[in-house]
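For reference, positions follow the sequence shown, starting with 1.
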Amino acid sequence: MLELERYISAYIWLEYTLEDFPMSIDHQARERLAQQRQHAEHLQDTMLERAEAELAADGGSQIAEQAREALTEQRLHEQQLQDNMLERAEEEVGST
């Protein structure tokens, strides 16, 4: 009878352990998935921040380049206006 009680006790312990085992694996898997998801979100946020920083840096240099081009065009336009005014003045002086 004592041996039967040991078998029953061992069977109950084994059954209880096996019932908890899949749940602990499921729990561990869920925790691991949550960690991987958090890690992926962190990487995505980091990449987004880097892209925004690069865009801001490139955008700033791009804007500066556009400003330089606009100033160059403005100077050329002003030079052409001066040249045209000088030519007109010379023509008026020459015609009188």
message: Listing request: all salt bridge (Lys or Arg N to Asp or Glu O under 4.0 Å) pairs with a residue in residues 72-89, at least two apart in sequence or in separate chains.
response: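 Qualifying pairs, neighbours excluded: none.
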field: salt bridge (Lys or Arg N to Asp or Glu O under 4.0 Å) partners of Arg68, counting only residues at least two apart
entry: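 Salt bridge (Lys or Arg N to Asp or Glu O under 4.0 Å) check on Arg68 returns Glu65.
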message: With rounding to the nearest 0.5 angstrom, report the CD to CG distance, Gln79 to Asn84.
response: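 That separation rounds to 10.0 Å.
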query: Between atom CG of Leu86 and atom CD of Glu91, what is the distance when rounded to the nearest 0.5 Å?
result: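 It is 10.0 Å, given to the nearest 0.5 Å.
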Would you list the atom pairs, donor with acceptor, under 3.5 Å between side chains in residues 33-52 and any protein atom, with sequence neighbours excluded?
| unit_1 | atom_1 | unit_2 | atom_2 | d |
| --- | --- | --- | --- | --- |
| Thr46 | OG1 | His42 | O | 2.8 |

